[in-house]
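Report on the structure given below.
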Amino acid sequence: MTLERHDLDVPAVGTAPAPVVGARPTLPERLRASGFSRIAGISASLIGTQALTSILGLVFWALAARVFLTAEVGVAGAAIALMMLLGGLGSFGLGTVLIARLPMTAPDERRVLVRTCVAAAATVGAVLGLIVPTLAVHVFGATALAPIAGSIWPLLAFALGTALTASVIVLDQAVLTVGVGNLQLQRNVTASSVKIVALVLLGLAGAQGGMIIFIAWAIGNLVSLPVVALRSRSKLAPASSRRFIEPVLLRGIGKLALSHHALNVSIQAALQVLPVLVVILVSAQANAAFTAATMLAGFVFALPYAISVGLFAAARGEVSEVVSRMRLTIPFGLAISAAASIVLFPLAGPLLHIFGAEYADDGTILLRLIVLAGIPFVLKDHFIALRRVQGRTTQALAVTSVFLVLELAAAAIGAQLGGAVGLVVGWLAVLVVEALVLAVPLLAALRAGGETTAAPVSTEDSQFEGATERVAAPAPAPTPASPRSTLRTTLRERLATWSARNLTGPTLLVMSLGVLLMAAVAAAGRAGSSGALVEFGWIAGLVLVFAPAAIRIIAPSTSVTERVVVAVALGMFLQFSRLVLNPTSFVFHDELIHAETLRQIDETAGLFSYNPLLPVAAYYPGLEVVTSGVEQITGLPAFAAATIVLMVARLIMVLGIIGVVRAVTGSYRAGALGVVIYVANPQLLFFNSQFSYQTLALPLAVLAIYLVAVRRRGRWTSLLLPLGVTAVVMITHHLTGALLVAAFAVWFVVALVRARRSPATRADRRDLALMTVWGATLLTATVANPGNPLAPYLGAIFTSSGADLLDLAEGAGVKPLFADSAGTGPVPGEQVLLIAAVLIAMASMLLVLGYIRTSWRAARPLAILVGLVAILYPVIPGGHVAQATAEVGDRAAGFVFVGLAVVVAAWWFRRRRGSRVRVAFVIAATTLFLGNVVLGAGPTSGQLPGDYQISADARSIDSDNIAAAEWQSESLPRDSVVYGDRTSGLLAAAVGGQETVLHVSTEIDASRLLLAPIFTSADLQLIDATELDYLIVDTRMSDGLPHQQVYIESGEFGEAGRTEPVSASALKKFATIRGVDRLYDNGSLAIYDVRKLR
Amino acid sequence: MTLTETDRPTPVRPLARKGAVVDLVFRVGIVVVATGAIVLEVPVWARAPLAVAAAALTIMSFLSRYGGRARRFDGVIRAAGAAVVLLAVLGLVLNVVPGGLTTAGWGIGVGVIEAAALVALAAWRAPVASGAEGDSDTDTSTRARRRIPLGAGAWALAVGGVLAGALVLSTVSFDDTHIAPLALGAERTGDTVEVTVSSGTEAGPYELQLVSETGTTVRYAYGIYVGPDSPRTFVFELSDDSRDTVRLVTTGSTTAIRELTFDTTTDAAGTE
């Protein structure tokens, strides 16, 4: 659009007035003292210049709106916004360079330098203009931009326009130093006038299409160039060189300009990208109204910006002066912006009528909303002005960049949810948050009164501060470009200073953005999107959560508090990612099993009932008891209560890891790093974040170890909580309980063997013996609970694992490494990640061996214990060679990584690590994390929500089988006996309130009812034996092989050697059986009443 | 040996300090109100905040005994662990008392635990800082309290906003894509069948046809439109000793898109 918030000229700055002192000054005196009059003068000049070109721009767009179709105006608005963005990027800060360089350049070289910079900008702009829209349309599928890049001629026109824009941006800055009055204003007025004429002529010629408006705009820029050439001729001496351009003149000045340029771009980009987003995500028609509204709102935005630029220009580098003046300019800017919002509220409609009635209808609400952005802009612009004068542009760039991403993400989400209005609301919401965040340093500066200034700024940096804001005078002192080494040193010092600050807030914000990205990708997956881009987005989200935490935790200057907070956040955010994947219900296999136990507790008000999905689960109800408690106490639904319990469990887990590592190493820093290593375990992201008994038992087990390790010796009360925690572990998960008892036992034995002579450990041995006996007794008690089927349950697992290993030894039963039972598996990139993760972890075994040796020699029982746990790591990848052992190996990860976390964290903090080692470590840790996610949860495509897949855990839960389960809940008698496939059976119990027949609970294999192609007397016998009431048939099973090895459960009909899906006839056979009613049909699932067959 | 000593706890002060009793009464009062709300099963919008407030007061009282970084960490992890342990143990206890794990049982149990904890914490381990005027620790903590953590608050707000946005996005997306399919369901009582047509989206027009075993088709209902909150229900009387089919077809079409069958035959069950 015509109004660019930062495309402003700044007149020369006069001398600062003397400060006014004495008794209470009058208002005019206070205004003078605050420098307000000078700021107001500069601002007025800026606004005047801006107003003239903007009014011409308004005429241009009003004409366009009258002559062209709304959709065409929308396309043109997006094209011009994109052109401005790419042109700004293409200018590459060279205009800034010219402001600084021209005064110190020999007169006979100035013309060549200007030409060189303009040519460079034009080239970069043209390349960007060709590539970006082409990629957007042809690679990323932004078909709404097809009018720009759908064919060659519009694309070339766009590239040319972008090149021209980049050129004029550079020229506009260059002419500031040439000294020709208001040359920039003249060029802008010329360009704007010619645009209008060109538009009228093209319209009269009958030209149509959005790109015609764009071309008219480009013609304006093109024609304005000779004006600059003619007017500046007398000020630029003829070139001594015969060459048209001299690239060598640019050498050594690009990097310094870059940071300032990046800051400018990060500020401008949102307003330039938003129209493009509207076209892509909403429609070109919607963008027409959006463009018109943005242009009108630009008048409001220009004012606070002009004030902030005036503030900066008038301050002349004095921080205290800026701060002093901010006391007046901030409230003034806020008041003006608020007043403008109020005034525009009733006037929005009438003003938009300038463009046409359609614009008024579509754009009134948009304009009212967009203009509100002026208020946060006041704070944002003042923050930038403050940081510029403080010489802290790098920090400002980091903050504005992060918020730019946030603004665009929120706008995109808003557009998806509520069209153009939603986009503005999303963008506005982030702007408000941003303003609140940026208000903090402003307030801090105001409190400090500008006494505290930032790190000293190099002369050259200061010079570029001024240059970036296009301050025409006073011209910066000529300073030669810094040598590269000086620059590097400066950057390194800046980075070190920046890194030493408390970055908890920014780090957490970036991590939360990762979660937001994951949510967006999950939403795309639900909507049916798939492919490399979606999967990349998911992985990028994971990296955004993991890597910043790892970076901050190992940075040498990070405070302990920040490390701990970031470590806790890492664990919690990863738990939160489970919620964004499945935000409203239980979907995983084990979750539905425990949801069934929870349902039974809620319905019967008693424990240890019969869970047909997994009978043993009901005998370890710790998780469900706690969840039921939260549910009953708060009145929240079961899923919400479960989410709270899982979050608390994760909190205990990360704090427990920190605590255990600290107990061994004596360092909280190591504890925080331990969390980084622990969360890289293959089970954490999915399995250990589910509503499953191990998810609570494991954190409690780690807590028990921690509490015993740090207890106060000699006080029996210090053992109360560890004893209580151990008891809860025993009633929560059998295997975790057994492993905790084993851990206490090993700890006791090691203390007995290696620390026998130490009098201090006598009490330890007694306490450890007590913990071991206590745990073993309780575990035995749970097993002795009448009806507890733990022994046969674990026996079956050991038997199948043993059989698989036997088969393996005989050369059979080898599981394909990179494929599930349906033949799908990780893509090559994921396979590389997985292998790399295994190799990294295997390499760490060397550390583990050394650690055990050292700890043994030092007689440190707890350290030896965790070392012995860590050395079990090979079980995890090794288990994947066979089907049954793969699950056993994976489940061990939650325990093994506790040891690994301690060992790696202890090793890392043994000595100070250099920056390269730290970078390598972060890369290795991130690779370990990503690779283990694939190892534990399968390929990324399967982790994301998407279309229904057969027997694929969460991917098998969809609206069809949920609807069938809900119908059962409403229409069938409670606790009727039902039979269905793996997913339908789970849902029938957990959601439908039915009693599902499974071999694991009845020891009857009824799978032929669904899988055998023909109905026989064997089916009648099965119906009779199971006392079956209803049969649930998901007809989609015949579409493919199951992903989780079986359609129903292990040992089912036809499982051995299965290469073809179950036949469709098998799934339809009950439709023709006499005595059977078909009671439900939703297209995918049918439910049969088979009671008459009993 | 790796076992480490934790810092020594702050010295014990009596409950008799100024304002302590009033403070305790206030806290216990909140717990009592929360317990009442739970036992009376007031709506969730009132029950949940009260329950959270009572729990938070108890936990904060517990944490106030843990000063310093190491002890604060210890306090947080113990508080979280103790909360889980107490809930689990309370559940086991409720399981063996008459009534079992009811809302009232949970409410009273948690209320008793919270009140007992508050009294115990106030009586046995009152904090030194709050009772010692002029104490340097007091000054420090007061200063810390006076200082508004603007930066942390703003960042927390931003992070919370982003996470909330992620959750809202996911929930809306989930709701938008998990739409109940067009379904035909029946509840049969003897020879009377109540057939319901339902759908998560606006759909129609449809026809319901009753097809007898002999092939006779009766157009039972037509012009049927259904939507998210507007299922349509129809009652059929089945023929004796017959096998009837109810078909849902799109108006103008002859292909059944959903189909139910009802068998009233009295013999030959299990044959084709």
Side-chain angles (χ1 to χ4, degrees), chain A residues 413 417 433 436-437 440 505 508-509 512 515-516 519 522-523 526 580 583-584 601 605-607 622 625-626 628-629 632-635 648 651-652 655 659 664 703 709-710 724-725 728 755 758 760-761 764 860 862-863 959-960 963 967 971 1020 1072 1074-1075 1077-1083 1092-1093, chain B residues 1-4 6 38 44 47-48 51 76-78 80-82 84-85 87-88 91 95 100-103 106 110 150-151 154-155 157-159 161-163 165-167 169-174 177-181 183-188 258-263 265 268-272:
Chain A
I413 292 165
L417 300 177
V433 173
L436 289 172
V437 170
V440 175
L508 297 189
L509 189 61
S512 65
V515 177
L516 182 64
R526 284 185 205 102
V580 299
T584 58
I601 292 172
L607 304 178
V625 167
V626 175
S628 178
Q632 303 290 343
I633 292 165
T634 59
V648 172
L651 178 68
I652 294 172
L655 291 177
V664 176
L703 175 63
V710 301
V725 172
V728 177
S758 167
T761 57
D764 294 340
R860 300 168 63 213
L862 182 56
S959 48
D960 286 4
W967 180 83
S971 304
L1020 285 172
T1072 55
R1074 288 236 166 232
D1077 286 350
R1078 180 176 162 122
L1079 294 181
Y1080 179 82
D1081 179 10
N1082 70 17
K1092 283 187 192 167
L1093 301 186
Chain B
M1 189 59 189
T2 57
L3 303 187
T4 59
T6 56
I38 297 166
V44 63
R47 200 193 328 176
V76 172
I77 192 170
R78 282 171 193 271
V84 171
V85 169
L87 275 180
N95 186 50
L101 292 87
T102 58
T103 305
W106 277 111
V110 168
L150 279 174
W155 283 113
L157 195 68
V159 172
V162 173
L163 292 178
L167 190 56
L169 172 66
S170 279
T171 307
V172 171
S173 146
F174 188 90
T177 50
H178 281 67
I179 299 166
L184 199 57
E187 289 185 57
R188 179 177 166 185
R258 302 288 184 266
E259 195 171 272
L260 304 179
T261 52
F262 304 99
D263 199 321
T265 51
T271 60
E272 291 193 59

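Just so it is clear, the structure is predicted and the values come from calculations on it, not from any experiment. Hydrogens, waters and symmetry mates are skipped; everything else that's a heavy atom, side chains included, is used. A note on names: the letters A, B, ... follow the listed sequences, proteins ahead of strands, and every chain is numbered from 1.
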Q: Between chain A and each of B/V110, B/V159, B/I179, count heavy-atom pairs under 4.5 Å; write down the option with the most.
A: B/V159
Q: Please round to the nearest 0.5 Å and tell me the distance separating atom CZ of A/R526 and atom NE2 of B/H178.
A: 7.5 Å
Q: Please determine, among B/T102, B/V84, B/V162, B/L87, the option with the most heavy-atom pairs under 4.5 Å with chain A.
A: B/V162
Q | Contact check, side chains of A/L508 and B/W155, non-hydrogen atoms, under 4.5 Å | A | no
Q.
Is there a side-chain contact between B/T261 and A/D1077 in this structure, where contact means two heavy atoms from C-beta onward sitting under 4.5 Å apart?
A. no
Q) Among A/G622, A/G606, A/G629, A/A963, who wins on heavy-atom pairs under 4.5 Å with chain B? A) A/G629
Q: Side chain from CB out, backbone as N, CA, C, O: work out which of these in A/V648 comes under 4.5 Å of a heavy atom of chain B, or both, or neither.
A: side chain
(Q) Tell me which of these, B/V76, B/L167, B/T171, B/L184, has more heavy-atom pairs under 4.5 Å with chain A than the rest. (A) B/L184
**Q.** Derivation of the side-chain contact (heavy atoms from CB on, under 4.5 Å) call for B/R78 and A/L655
**A.** CA-CA 10 Å; B/R78 282 171 193 271; A/L655 291 177; over 6 Å; no
Q) At a heavy-atom separation under 4.5 Å, does A/S971 approach chain B through its side chain, its backbone, both, or neither? A) both
Q) To the nearest 0.5 Å, what is the distance between CG (A/D960) and CG (A/N1082)? A) 5.0 Å
Q | chain A interface, residue from B/A82, B/G185, B/A180 that has the most non-hydrogen pairs under 4.5 Å | A | B/G185
Q: For each of A/I652, A/V728, A/I633, tally heavy-atom pairs with chain B at distances under 4.5 Å, and name the one with the top tally.
A: A/I633
Q: Counting only heavy atoms closer than 4.5 Å, note whether A/V625 contacts chain B via side chain, backbone, both or neither.
A: both
Q | Heavy-atom proximity to chain A below 4.5 Å, by part of B/E187 | A | side chain
Q | Winner by heavy-atom pair count (cut-off under 4.5 Å) against chain B, out of A/G635, A/G724, A/G659 | A | A/G635
Q. Is any side-chain heavy atom of A/L516 closer than 4.5 Å to a side-chain heavy atom of A/I413?
A. yes
Q. Could you state the interatomic distance from CG (B/N95) to CG (A/L607), rounded to the nearest 0.5 Å?
A. 3.5 Å
Q: Select one option (side chain, backbone, both, neither) describing which atoms of A/L703 are under 4.5 Å from chain B's heavy atoms.
A: side chain
Q.
Just so I understand: if I count every heavy-atom pair under 4.5 Å between each of A/A523, A/P583, A/A519 and chain B, which residue has the most?
A. A/P583
Q. So do the side chains of B/R47 and B/I38 get within less than 4.5 Å of each other, counting heavy atoms only?
A. yes
Q | Student check: side-chain heavy atoms of B/L260 and A/L1079 closer than 4.5 Å | A | no
